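As structure tokens, the structure follows; a few thoughts come after it.
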Protein chains: 2
Amino acid sequence: MSTMQQDQQNTPDAASIRKRSIIDCDLHLAPLRGGYNALKPYLPRFYREQVETWGARVPGQNAMYNNGGINGSMQGRKVPPGDEAVMLDFLRADLLDKYNIEHGIITGMDYGINTTPDTEYAAAICSACNDYTIEHILDKEPRFKASIMIPKQDPVKSAREIDRVGSHPGYVQVIVSNGADKPYGHRHYYPIYEACVRHNMPFGIHVSMEGIGINPPPTGAGYVSHYAEYRLARAGIMMTHLASFIYEGVFELFPTLKVVMIEAGTLWIAPAIWRMDEDWKALRHHTPWVKKRPSEYYREHVRVTSQPIEMPHKKDMFLPMLEAIHADECLMFSSDYPHWDFDSPVQAFPKLPDELRERIFYQNAAELYGLPQRADNVDGGQG
Amino acid sequence: MSTMQQDQQNTPDAASIRKRSIIDCDLHLAPLRGGYNALKPYLPRFYREQVETWGARVPGQNAMYNNGGINGSMQGRKVPPGDEAVMLDFLRADLLDKYNIEHGIITGMDYGINTTPDTEYAAAICSACNDYTIEHILDKEPRFKASIMIPKQDPVKSAREIDRVGSHPGYVQVIVSNGADKPYGHRHYYPIYEACVRHNMPFGIHVSMEGIGINPPPTGAGYVSHYAEYRLARAGIMMTHLASFIYEGVFELFPTLKVVMIEAGTLWIAPAIWRMDEDWKALRHHTPWVKKRPSEYYREHVRVTSQPIEMPHKKDMFLPMLEAIHADECLMFSSDYPHWDFDSPVQAFPKLPDELRERIFYQNAAELYGLPQRADNVDGGQG
């Protein structure tokens with residue numbers, strides 16, 4: 001039985017889970033309606049004419065690695081043709097209403113633009129995406145929140161883009177691809193973090209574009225051959241960013257900065273912070289500006305989205321592993337809608353203690369993104 | 001109190017642990033006595049004269065990343081001056097006798113040679129190291145076993161080197177650095193695995209040389225800044241190799257091949273095999289030659305050395321995590337002597353169930369390397 005079929009069963013459990021609204025921290029509207037042509041009204045003439053003449057020239061990973069689904073998406077999902085208003089209506093029914101999503105965080109559009117060598121072009125496309133998102137999504141459906149795309153190749157210009165659109169109430173996060181030419185703790189990026197702090201916005205890192213465009217190979221052993229290996233490599237790169245933020249002392253420099261690790265898995269964090277804590281004890285004389293144990297920085301500054309959640313072979317390891325990654329403070333539910341490996345809010349998790357479920361499915365994200373509590377204060381599903 | 005001081009306490013526990021001999025799967029004799037000059041008698045004149053004229057020109061990671069100890073070693077360890085016989089006497093007292101080591105596996109000399117662009121030179125140095133090891137170590141002290149160094153830049157030549165020295169009874173393993181320009185599942189390496197299978201020897205991968213010499217940057221986000229980050233990145237690269245062996249189908253092609261992951265940590269393997277098993281279910285149509293769940297290949301074909309072992313924040317997670325990585329079949333004790341982060345056999349592990357301890361400290365390695373049982377059959381320490 002497919003996920004979609006199972007979801008449509010109105011079992012008592014599913015119904016009671018749906019009764020209490022949730023926050024979904026990783027939603028995609030891809031593909032952009034009409035592709036890059038949809039961005040043309042938001043581009044300066046110079047780039048509009050380039051896109052018309054040569055196409056969008058944005059690096060992509062699909063030429064290198066098969067995705068799990070065609071266009072990355074779930075099969076059987078029939079989005080009706082039409083403009084953005086039609087798409088929004090479809091998303092309200094197929095996603096927001098169906099799963100009782102109080103707030104849904106859209107995590108960027110096409111991260112390929114983060115990997116082009118043409119930084120000015122990247123800046124123009126990011127601005128166009130951000131303006132398109134305001135006009136067609138954020139101003140039309142308040143349940144959707146979104147992430148600011150930035151031309152991270154130029155951190156100063158990125159900061160300007162955050163300043164330009166960051167006061168829109170629908171923007172709650174800055175977002176970049178996991179693929180990077182430098183780990184995100186590097187001082188190169190600090191103007192971006194200054195802007196994040198100015199706007200009280202977390203810096204989100206979403207898996208994508210590892211080894212693509214201007215990025216180095218996806219692993220320290222070069223290119224992997226298959227998509228399943230690529231998915232595992234992504235966790236390794238996210239781990240690199242996590243360690244980089246900590247060991248470069250970013251959280252000492254920016255004490256209010258929060259970082260979100262999106263779609264790179266979760267349970268690997270446990271052995272990673274165990275390793276870092278042990279090594280910190282032995283090696284902290286190398287990095288005296290790292291004043292606390294790495295796991296403390298993680299708990300205070302890092303949040304993690306759940307999809308794709310690993311499932312231990314022994315099911316009774318799941319809760320202890322959640323505890324080990326401090327899920328009650330750090331884990332936030334995400335479905336990755338509409339991608340092929342979508343984690344349904346109704347099915348992805350085994351039964352959790354109610355308080356923990358509430359942290360993961362609502363409160364951790366509400367605190368991070370400064371989102372209001374449930375409008376109708378329904379507390380069904382507690383039992 | 002330092003590790004050395006603690007070890008010298010003859011507490012009842014330590015004494016009873018020492019009573020039952022062990023196998024130590026990761027020992028180093030570094031630095032080579034006299035450095036590369038010691039290899040000159042084993043080099044062809046062409047390279048001997050090069051080493052005399054220009055020095056050894058071997059890439060090293062110490063120019064990039066601080067190690068945890070000076071020359072990587074424990075402080076306070078006073079190796080007396082003298083020739084290799086003096087060194088061996090010191091090692092007998094300081095290591096083999098002190099910790100009751102029945103077999104000690106030496107894991108190569110200087111992996112830098114795995115990263116030089118000069119493949120012919122790499123081949124000459126590897127042969128010299130292997131001959132030096134036979135003459136000065138293996139033929140002098142039967143408790144020491146060793147690993148064959150190979151010029152992995154040229155797999156055919158590597159296979160010839162394995163054939164050249166592989167019949168010496170002291171050689172039990174082929175070894176390469178974790179740093180690599182291609183993941184080790186790549187078909188480029190298959191002549192090496194044919195030779196491993198011919199000689200019934202595992203293929204050992206030892207952390208080192210990530211991002212050095214001809215290798216790509218150590219992470220998919222480029223170069224990390226500090227040694228603690230570098231240590232974490234190493235686990236990511238080992239994870240890449242593990243996935244590569246599995247997804248390229250190497251264990252289907254070479255059903256008797258065993259792989260040893262050395263010094264890259266252990267507990268990260270649990271979430272890695274959970275992730276791979278889930279992804280295999282969803283994505284196995286991409287790699288139909290991968291016939292079993294990835295965790296099954298891991299259990300059957302992969303062995304792991306223990307040092308540096310991660311310690312969960314909650315101590316009661318340690319045994320469940322050992323179970324999750326199938327420690328009873330796959331984990332082999334290693335001390336990493338004489339490196340600064342040496343795991344003492346007496347201290348590194350908390351108390352283990354006796355049967356599990358025996359698997360980890362002796363039997364898994366004895367089975368893998370075809371080593372005899374304890375000579376005196378002492379079974380002290382059972383209680």
Side-chain angles (χ1 to χ4, degrees), chain A residues 66 68 179-186 210-211 215-229 231-237 239-241 243-244 247-248 265 267-268 270-272 274-280 282-283 286-287 295 308 310-314 317 320 323-324 341, chain B residues 66 68 179-186 210-211 215-229 231-233 235-237 239-241 243-244 247-248 265 267-268 270-272 274-280 282-283 286-287 295 308 310-314 317 320 323-324 340-341:
Chain A
N66 262 347
D181 59 348
K182 279 182 264 300
Y184 285 126
H186 195 285
E210 299 83 355
N215 294 332
T219 85
Y223 289 90
V224 298
S225 300
H226 307 101
Y227 180 60
E229 298 168 73
R231 281 166 70 87
L232 199 64
R234 289 171 154 178
I237 297 172
M239 185 167 71
T240 298
H241 294 312
S244 177
Y247 285 109
E248 299 282 9
L267 300 188
W268 59 264
W274 298 336
R275 160 66 43 225
M276 283 195 283
D277 277 7
E278 302 235 330
D279 284 355
W280 177 79
L283 296 166
H286 287 179
T287 54
S295 63
E310 300 94 337
M311 196 50 64
H313 291 158
K314 298 219 162 186
M317 282 287 279
E323 193 184 353
D341 50 351
Chain B
N66 263 347
D181 60 348
K182 279 182 265 299
Y184 286 125
H186 196 285
E210 298 83 356
N215 294 332
T219 84
Y223 289 91
V224 298
S225 300
H226 307 102
Y227 180 60
E229 298 168 73
R231 281 165 70 87
L232 198 64
I237 298 172
M239 184 168 70
T240 298
H241 295 313
S244 177
Y247 285 109
E248 299 281 10
L267 301 188
W268 59 264
W274 298 336
R275 160 65 44 223
M276 283 196 283
D277 277 7
E278 302 235 333
D279 285 354
W280 177 79
L283 296 166
H286 286 179
T287 55
S295 62
E310 299 95 337
M311 197 51 64
H313 292 158
K314 298 219 161 184
M317 283 286 279
E323 193 184 350
W340 67 277
D341 50 350

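Since we're looking at a predicted model, the values are computed, not measured. Sequence lines set the chain letters: A, B, ... in the order given, protein chains first and strands last, and positions in each chain run from 1.
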- Query: Under the ring pair (Phe, Tyr, Trp, His ring centres under 6.0 Å) test, which residues partner B/His186, sequence neighbours left out?
  - Reply: none
- Message: Please find the pair of heavy atoms, one from A/Thr219 and one from B/Pro216, that lie closest to each other, and give the distance.
- Response: O-CG, 4.2 Å
- Nearest heavy-atom approach of B/Trp274 to A/His313 is NE1-N, 3.3 Å
- Item | Partner chain B: residue of A/Trp268, A/Tyr223, A/Tyr247 with the largest heavy-atom pair count (under 4.5 Å) | A/Tyr247
- Task: Give, as side chain, backbone, both or neither, the part of A/Asp181 having an atom under 4.5 angstrom from any heavy atom of chain B.
- Result: backbone
- Message: Looking at every heavy atom in both B/Glu278 and A/Glu310, which two are closest together, and how far apart are they?
- Response: OE2-C, 4.5 Å
- Does some side-chain heavy atom of A/Glu323 sit less than 4.5 Å from a side-chain heavy atom of B/Met317? no
- Message: Under a 4.5 Å cutoff for heavy-atom pairs, which residue among B/Leu267, B/Asp277, B/Leu283, B/Asp341 has the most contacts with chain A?
- Response: B/Leu283
- Query: Under a 4.5 Å heavy-atom cutoff, which of A/Ala235, A/Pro183, A/Ala233, A/Pro320 has the most pairs with chain B?
  - Reply: A/Pro183
- Please identify each residue that fulfils side-chain contact (heavy atoms from CB on, under 4.5 Å) with A/Ser225, with sequence neighbours left out. A/Glu229, B/Glu248
- Task: Please look at A/Pro218 and chain B and tell me whether the side chain, the backbone, both or neither of the residue comes under 4.5 angstrom of a heavy atom of that chain.
- Result: backbone
- Which of A/Pro312, A/Ala270, A/Ser295, A/Ala282 touches chain B most, by non-hydrogen pairs under 4.5 Å: A/Pro312
